Amino acid sequence: MEKLQLDDFTKYKFLSNLKYSPNGEYAAFVLHRMDLEENKYLSNIWIYNANTNKYFQLTSLDEEKSFIWLDESNILFPAMRNPKDKEKLESGEEFTIYYKINIHGGEAVEAFRVPLTVIELKKIDDKNFLVTALYNHYKPDINNLEGSEKEEAIKKFKEEKDYEVLDEIPFWSNGQGFTNKKRNRLYLYNKDENKIKPITDEFTDVEFIKLNKDRSMAIIIANSFKDKAPIKNNLYLYDINKNNLENITHEDPFAYAYGDFLNNKIIFAGNNMKTYGVNENNHFYTMDLNNKKIEKITDDFDYSIWNSVGSDCRYGSSQFFKVDRGYLYFVTTEINSSYINRIDENGHIEKITTKGGSIDGFDTHNGNILFIGLKDMKLQELYTLENGKEKQITDFNEWVVKTKKLSTPERITFENEAGMTLEGWIMKPVDFDPNKKYPGILDIHGGPKTVYGEVFYHEMQYWANEGYVVFFTNPRGSDGRGNEFADIRGKYGTIDYDDLMKFTDIVLERYPFIDSTKIGVTGGSYGGFMTNWIIGHTNRFKAAVSQRSISNWISKFGTTDIGYYFVENEHGTPWNNVEKLWFHSPIKYADKAKTPTLFIHSEEDYRCWLPEGLQMFTALKYHGVDARLCMFRGENHELSRSGKPKHRIRRLKEMTNWFDKYLK
């Protein structure tokens with residue numbers, strides 16, 4: 001066995017977008033890998049044969065990130081092959097080219113071109129599709145112009161790239177850039193006639209669409225606004241044959257998270273945010289399609305219906321809901337793991353998977369379940385569920401556990417000051433020697449409503465291979481234990497800080513091989529906030545790395561994509577609660593900081609914008625504390641998870657070098 005290297009993550013494979021074929025005999029998924037030389041990710045569609053348990057690569061263009069099944073044998077996917085087409089896009093024309101490929105052999109052939117920048121496409125029949133596409137209120141439709149008019153429009157489009165005009169909030173979004181007056185708009189598209197027909201208006205942003213079984217109706221979740229996006233959305237029912245869009249929102253305000261057709265009803269999930277704010281756990285409801293009668297079918301349900309188990313070893317998106325044989329299958333995060341469950345129209349919930357770890361996406365067909373999982377301290381693989389037992393199908397990343405030295409997290413339970421039993425983990429260095437003293441790193445998750453679990457985390461494994469003890473916990477504010485546990489509105493830096501410091505005390509007390517004079521701390525997003533908070537409230541840590549952090553709740557309110565509503569939800573606004581916002585801002589205590597701190601930020605991180613790190617960095621420098629800021633161009637809030645390969649290498653090098661400097 002050999003040591004895990006810093007850049008080994010560039011050889012990992014990542015799975016996403018798992019979908020059964022219509023007859024369930026096959027499934028397709030996307031496999032992602034890194035091209036270090038080109039500094040990018042390569043993506044291809046793979047096929048799994050459910051009858052033989054064999055799998056093979058289907059496409060080879062290296063850019064196939066999404067697809068739909070056209071029928072039992074054919075797949076449709078967007079791609080861009082011709083350089084001239086790329087030039088047209090750069091000049092301002094809009095279109096998306098779809099290719100069709102047969103899973104049993106043959107080359108991919110161009111099927112049609114949608115004259116829109118497509119976000120999502122769903123098949124109605126052989127000719128018609130529902131399309132969600134990007135719409136820009138201020139951009140002229142260059143596609144329908146010719147001659148001098150087209151040339152003038154292209155010239156103006158290029159000139160306008162030098163300007164950004166803002167007249168609404170949010171005006172940008174992490175990972176998307178400036179979004180002012182841009183919407184995901186819903187259209188009907190006929191491929192034979194190459195015609196598009198708008199369904200929603202130009203100010204409605206479509207978040208979700210779902211077709212019923214016979215593809216005659218669709219559920220739509222959307223948010224309409226002109227000046228300020230409200231923290232709610234609406235539920236619509238679209239009759240495709242009648243071209244009728246009906247608003248069936250049952251409560252205002254309400255945040256709809258998901259909707260689908262179940263028997264003769266609509267089943268949907270959401271909450272009214274009245275008790276625990278924007279992070280409140282969702283409930284399930286049904287709506288009778290005939291009389292629109294609403295019934296809440298989960299009264300005592302208190303788990304999040306998504307996977308919030310953290311890892312830096314994922315890429316791509318996957319589905320987490322599916323209606324099959326009279327049930328809605330969905331994912332929950334519970335304590336430190338995520339699971340597949342199913343619910344019927346009466347609200348009866350049954351847990352389908354029971355083994356810990358992470359469900360990173362799934363699909364089901366006639367009760368057969370396939371899922372992408374992080375299990376048994378392994379990287380992502382494809383699994384089936386047979387008679388309640390999980391069976392690993394693929395071995396894309398098996399080489400890691402077979403050839404590399406890894407550290408298995410050891411679970412710790414402890415009681416916090418409030419008398420609650422919490423859990424955490426410690427990872428000993430590989431080749432551990434109980435007679436040696438080791439430096440340690442406290443790692444703090446983001447969110448705050450996410451969780452750490454017993455899954456593969458590259459940076460932690462690497463530090464364990466470099467001779468560090470890594471320890472981490474789920475303090476109050478974390479997911480997996482209900483609304484009350486997760487609710488730290490107005491308490492940031494208080495009860496959560498107490499839990500983290502208590503955990504650190506317990507770790508140092510129980511594991512004397514950790515050198516208490518050589519402890520570091522790091523975290524990203526909320527973990528970056530907490531790192532900034534910690535260095536202003538204690539000098540026990542000898543080095544800190546603050547990533548994509550928050551330092552000033554007052555400035556965050558008016559600058560980040562979620563600032564105007566998230567800050568208000570967590571603390572209030574600068575006009576009604578400025579003292580409280582300042583009290584919970586780490587920058588307030590920066591003059592007390594003595595800990596050498598490295599700041600990691602991305603130039604296009606509009607979630608925790610660069611000025612948050614700059615303020616804290618400047619404050620430390622002003623007060624004579626050793627500080628360094630490393631800013632990554634072309635990256636956003638997802639740098640550590642989906643940033644360019646070379647940037648991810650540089651990030652981990654910067655962090656490790658900083659800890660080595662002060663802890664070794």
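This one's a predicted model, so the numbers in the text were calculated from it and none came from an experiment.
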Legend entry - Close side-chain approach of Leu508 and Arg540, heavy atoms under 4.5 Å: yes
Inset, instruction - Can you see which heavy atom on Gly373 is nearest to which on Tyr383, and at what distance? - result: O-CE1, 3.7 Å
Legend entry - Salt bridge present between Glu2 and Lys405 (N-O < 4.0 angstrom): no
Inset, instruction - Please report the C-alpha distance between Tyr12 and Phe456 in whole Å, then the side-chain angles of each, then the deciding distance to 0.1 Å, and finally whether the ring pair (Phe, Tyr, Trp, His ring centres under 6.0 Å) criterion is met. - result: CA-CA 12 Å; Tyr12 299 162; Phe456 195 100; 5.8 Å; yes
Inset, instruction - Determine the minimum heavy-atom distance between Pro645 and Leu36, stating which atoms define it. - result: CB-CD1, 3.8 Å
Inset, instruction - List the steps, then state whether salt bridge (Lys or Arg N to Asp or Glu O under 4.0 Å) holds for Glu459 with Arg651. - result: CA-CA 10 Å; Glu459 72 178 35; Arg651 166 192 168 272; 2.6 Å; yes
Legend entry - Main-chain N/O of Asn483 paired to Asp302 side chain as donor or acceptor, under 3.5 Å: yes
Legend entry - Presence of salt bridge, Lys375 and Glu390, under 4.0 angstrom: yes
Inset, instruction - Kindly indicate whether a cation-pi arrangement holds for Lys592 with Tyr589, taking the cut-offs as under 6.0 Å to the six-membered ring centre and within 45° of the axis. - result: no
Legend entry - Arg33 CZ: over 12 foreign heavy atoms closer than 6.0 Å: yes
Legend entry - Heavy atoms from other residues, nucleotides or ligands near NZ of Lys653 exceed 12 (cutoff 6.0 Å): no
Legend entry - Aromatic centroids of Trp553 and His584 separated by under 6.0 Å: no
Inset, instruction - Output yes when Arg548 and Glu612 qualify as a salt bridge under the 4.0 Å nitrogen-oxygen rule, no when they do not. - result: no
Inset, instruction - Indicate yes or no: does Lys378 engage Asp376 in a salt bridge with an N to O separation below 4.0 Å. - result: no
Inset, instruction - Go through the steps to decide whether Thr522 and Gln547 satisfy the test side-chain contact (heavy atoms from CB on, under 4.5 Å), and finish with yes or no. - result: CA-CA 7 Å; Thr522 187; Gln547 308 169 61; 2.8 Å; yes
Legend entry - Check: Trp658 side chain, Pro596 main-chain N or O, donor-acceptor pair, under 3.5 Å: yes
Inset, instruction - Keeping the roles fixed (side chain from Asp561, backbone from Asn174), state whether a donor-acceptor pair exists under 3.5 Å. - result: yes
Inset, instruction - Given side chain to side chain donor-acceptor pair (under 3.5 Å), test Glu423 with Asn336 step by step and report yes or no. - result: CA-CA 9 Å; Glu423 67 174 359; Asn336 57 45; 2.8 Å; yes
Inset, instruction - Taking atom OH of Tyr622 as the centre, report whether more than 12 heavy atoms of other residues, nucleotides or ligands fall under 6.0 Å from it. - result: no
Inset, instruction - Could you check if a side-chain atom of Leu610 sits within less than 4.5 angstrom of a side-chain atom of Met631, using non-hydrogen atoms only? - result: yes
Inset, instruction - Check step by step if side chain to side chain donor-acceptor pair (under 3.5 Å) holds for Ser358 and Asn307. - result: CA-CA 7 Å; Ser358 174; Asn307 177 25; 2.9 Å; yes
Legend entry - Under 3.5 Å donor-acceptor, Lys437 side chain and Pro512 backbone: yes
Inset, instruction - Show your reasoning for whether ring pair (Phe, Tyr, Trp, His ring centres under 6.0 Å) applies to Phe503 and Phe472. - result: CA-CA 8 Å; Phe503 174 64; Phe472 47 99; 8.0 Å; no
Legend entry - Electrostatic pair Asp8-Lys404, nearest N-O below 4.0 angstrom: yes
Legend entry - Residues Lys588 and Glu579 bridged, charged N to O under 4.0 Å: no
Inset, instruction - Determine, for Arg481 against Glu334, whether the closest basic-nitrogen to carboxylate-oxygen distance falls under 4.0 angstrom. - result: no
Legend entry - Verdict with reasoning, Phe432 to Tyr438, per ring pair (Phe, Tyr, Trp, His ring centres under 6.0 Å): CA-CA 9 Å; Phe432 173 71; Tyr438 294 95; 5.6 Å; yes
Legend entry - Worked check of side chain to side chain donor-acceptor pair (under 3.5 Å) between Glu454 and Trp425: CA-CA 8 Å; Glu454 296 175 10; Trp425 294 265; 2.9 Å; yes
Legend entry - Side chains of Thr504 and Phe541 in contact at under 4.5 Å (non-hydrogen atoms): yes
Legend entry - Side-chain (Thr353) to main-chain (Lys355) donor-acceptor, under 3.5 angstrom: no
Legend entry - Full working for side chain to side chain donor-acceptor pair (under 3.5 Å) between Tyr457 and Asp443: CA-CA 11 Å; Tyr457 228 110; Asp443 212 329; over 6 Å; no
Legend entry - Value rounded to 0.5 Å, distance of NE2 in His571 from CG in Asn577: 9.5 Å
Inset, instruction - Answer yes or no: is there a donor N or O on one side and an acceptor on the other, between the side chain of Gln380 and the main chain of Leu15, under 3.5 Å? - result: yes
Inset, instruction - Kindly say whether the aromatic ring centers of Trp306 and Phe330 come within a distance under 6.0 Å. - result: no
Inset, instruction - Keeping the roles fixed (side chain from Ser602, backbone from Asn636), state whether a donor-acceptor pair exists under 3.5 Å. - result: yes
Inset, instruction - May I ask you to check whether Tyr315 and His32 place their ring centers less than 6.0 Å from one another? - result: yes
Inset, instruction - Please determine if Lys322 and Asp363 form a salt bridge, counting it only when a charged side-chain N lies under 4.0 Å from a carboxylate O. - result: yes
Legend entry - Closest heavy-atom pair and its distance - Ala257, Asn282: CB-ND2, 3.7 Å
Inset, instruction - Determine whether more than 12 heavy atoms belonging to other residues, nucleotides or ligands lie under 6.0 Å from atom CD of Glu484. - result: no
Legend entry - Min side-chain heavy-atom separation Asn569-Arg489 under 4.5 Å: yes
Inset, instruction - Compare all side-chain heavy atoms of Thr573 with those of Val567 and state whether any distance is below 4.5 angstrom. - result: no
Legend entry - Test item: Arg648 side-chain N/O and Arg641 main-chain N/O as donor-acceptor pair under 3.5 Å: yes
Inset, instruction - Could you walk me through whether Ile649 and Thr10 pass the side-chain contact (heavy atoms from CB on, under 4.5 Å) test, one step at a time? - result: CA-CA 9 Å; Ile649 290 174; Thr10 64; 4.0 Å; yes
Inset, instruction - Search all heavy atoms of Ser308 against all heavy atoms of Thr333 and return the closest pair with its distance. - result: N-OG1, 2.9 Å
Inset, instruction - Could you tell me if the ring centre of Phe529 sits under 6.0 Å from that of Tyr492? - result: yes
Inset, instruction - Using the salt bridge (Lys or Arg N to Asp or Glu O under 4.0 Å) rule, take Asp360 and Arg314 through it: C-alpha gap first, then chi angles, then the decisive distance, then the call. - result: CA-CA 8 Å; Asp360 289 359; Arg314 300 186 179 107; 3.0 Å; yes
Inset, instruction - Mark yes when over 12 heavy atoms from residues, nucleotides or ligands other than Lys351 sit less than 6.0 Å from its NZ; otherwise mark no. - result: yes
Legend entry - Asn416 side-chain N/O to Asp499 backbone N/O, donor-acceptor pair under 3.5 Å: no
Inset, instruction - Can you label the angle between the Tyr497 ring and the His537 ring as parallel, tilted or perpendicular, going by 30° and 60°? - result: tilted
Inset, instruction - Kindly check if the number of other-residue, nucleotide or ligand heavy atoms within 6.0 Å of CZ (Arg650) is above 12? - result: no
Legend entry - Tyr511 and Phe513 aromatic ring geometry - parallel, tilted or perpendicular at 30°/60° bounds: perpendicular
Legend entry - Flag, side chain of Asp605 to backbone of Cys608, donor-acceptor distance under 3.5 Å: yes
Inset, instruction - Report yes if the side chains of Glu280 and Thr275 come closer than 4.5 Å at any heavy-atom pair, otherwise no. - result: yes
Inset, instruction - Please lay out, stage by stage, how Lys3 and Glu466 fare under the test salt bridge (Lys or Arg N to Asp or Glu O under 4.0 Å). - result: CA-CA 9 Å; Lys3 288 179 64 176; Glu466 289 297 297; 3.6 Å; yes
